[in-house]
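See below for the structure under consideration.
When reading the values below, keep in mind they use all heavy atoms of this one structure, side chains included, and skip hydrogens, waters and symmetry mates.
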Amino acid sequence: MLSALGIQARSFAGSASPRAEVFVTQAPVTHDFDSLYGEYFNFVWRSLRRLGVHPSWVEDAAQDTFLVVHRRLSDLRPDASAKAFLFGIALRVARDYRRRAQRKQAQSLDVEKEISHASGPYERAAKAEAMRKLEGFLNSLDDDRRAVFVLSELEGMTAPEISQALGANQNTVYSRLRSARERFVAFASEGASHG
């Protein structure tokens, strides 16, 4: 009866009385594809866009990301961060999509979608300008720094989560983040002097 519940009793030879030790085994946490899709689709979409996927391709890239997730769902360890797992896949998909794009084609954030929640024309204009500046900054970064900056500053992930998502050492994550932040300060200062 106890073994059916995942509890085992053992007696030890040489003891005056048999001792029972109880071991409770828990079923591993499994990740359900439908739940992951529902909970993290917007995160994947934002990540792909911020990683430079052209607005007209983001929906396709998101679907491609989740196709890979569906195939690799068994690779997601129960103790692992689902967000980090998804970002790692989205990062590779984004790189593939950017390679397909023409290098000289101007890529802009989907400003209209991003600013649609602003209340008035001045707020929408200010938000549109901020989005263009953010895009310009993100495009100035190499892929590694861009990924770390997006995850930390825009998605609020911790260094251990970023490390897991990118398969990089935490010290490397910190180094890339520090470098990206320094570039951001320089980029913002340069923009302020021209504005």
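- Using modelled atom types, no side-chain atom of Ser175 and backbone atom of Asn171 make a donor-acceptor pair closer than 3.5 Å.
- Across all their heavy atoms, Ser81 and Gln164 have their closest contact at N-NE2, 3.3 Å.
- When all heavy atoms are compared, the tightest approach of Ala61 to Leu48 is C-CD1, 3.5 Å.
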Before you tell me yes or no, could you show the steps for Phe66 and Leu86 under side chain to side chain contact (heavy atoms under 4.5 Å, CB included), namely the whole-Å CA-CA distance, both residues' side-chain angles and the distance that decides it to 0.1 Å? CA-CA 8 Å; Phe66 280 101; Leu86 291 167; 4.1 Å; yes
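- In terms of hydrophobic clustering, with Ile, Leu, Val, Met, Phe, Trp and Tyr side chains grouped at heavy-atom distances under 4.5 Å, Phe41 and Val93 are assigned to a common cluster.
- One finds the CZ atom of Phe149 at 12.5 Å from the CG atom of Leu51 (value rounded to the nearest 0.5 Å).
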Run the side chain to side chain contact (heavy atoms under 4.5 Å, CB included) test on Glu59 and Trp45 for me, step by step, so that the C-alpha distance in whole Å, both residues' side-chain angles and the decisive distance to 0.1 Å come before the verdict. CA-CA 7 Å; Glu59 291 295 327; Trp45 191 96; 3.0 Å; yes
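- A donor-acceptor pair under 3.5 Å links the side-chain atoms of Arg146 to the main chain of Arg50, judged by distance alone.
- By the 4.5 Å heavy-atom criterion applied to side chains, Leu151 and Lys83 are not counted as neighbours.
- Here the side chain of Ser140 pairs a donor or acceptor atom with the backbone of Phe137 at under 3.5 angstrom.
- By the criterion of side-chain heavy atoms lying less than 4.5 angstrom apart, applied directly or through intervening Ile, Leu, Val, Met, Phe, Trp or Tyr residues, Leu76 is grouped together with Leu166 in one hydrophobic cluster.
- Relative orientation of the Tyr40 and Phe43 rings is perpendicular, given thresholds of 30° and 60° on the angle between their planes.
- Asp142 contributes atom CG, which lies 7.5 Å from atom CZ of Arg183 (distance to the nearest 0.5 angstrom).
- Taking each heavy atom of Ala82 and Leu36 in turn, the nearest pair found is CB-CD2, 3.6 Å.
- Hydrophobic clustering, with ILVMFWY side chains joined whenever heavy atoms are under 4.5 angstrom apart, keeps Tyr37 apart from Leu67.
- The distance from atom CG of Asp144 to atom OG1 of Thr172, rounded to the nearest 0.5 Å, is 9.5 Å.
- Counting heavy atoms from C-beta on, the side chains of Glu155 and Glu161 never come closer than 4.5 Å.
- Side chains of Ile162 and Phe87 form no contact here, defined as non-hydrogen atoms less than 4.5 Å apart.
- Of the possible donor and acceptor atoms, none in the side chain of Ser163 sits under 3.5 Å from a partner among the backbone N and O of Ala159.
- Rounding to the nearest 0.5 Å gives a distance of 8.5 Å between CZ of Phe187 and CG of Leu134.
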Evaluation steps, side chain to side chain contact (heavy atoms under 4.5 Å, CB included), between Phe85 and Asp75: CA-CA 9 Å; Phe85 177 76; Asp75 294 344; 4.3 Å; yes
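- No donor-acceptor pair under 3.5 Å is formed between the side chain of Arg72 and the backbone N or O of Ile89.
- Salt bridge absent: Asp143 and Arg92 never bring a charged side-chain N and a carboxylate O closer than 4.0 Å.
- Proximity of Asp64 to Tyr97: side-chain heavy atoms (C-beta onward) are separated by under 4.5 Å at one or more points.
- One distance of note links CZ of Arg49 with NE2 of His54; it measures 7.0 Å at 0.5 Å rounding.
- In this structure, Thr65 and Val44 approach most closely via the heavy-atom pair CG2-CG1, 3.8 Å.
- Under the 4.5 Å side-chain criterion, counting only non-hydrogen atoms from C-beta, Val150 is not in contact with Arg46.
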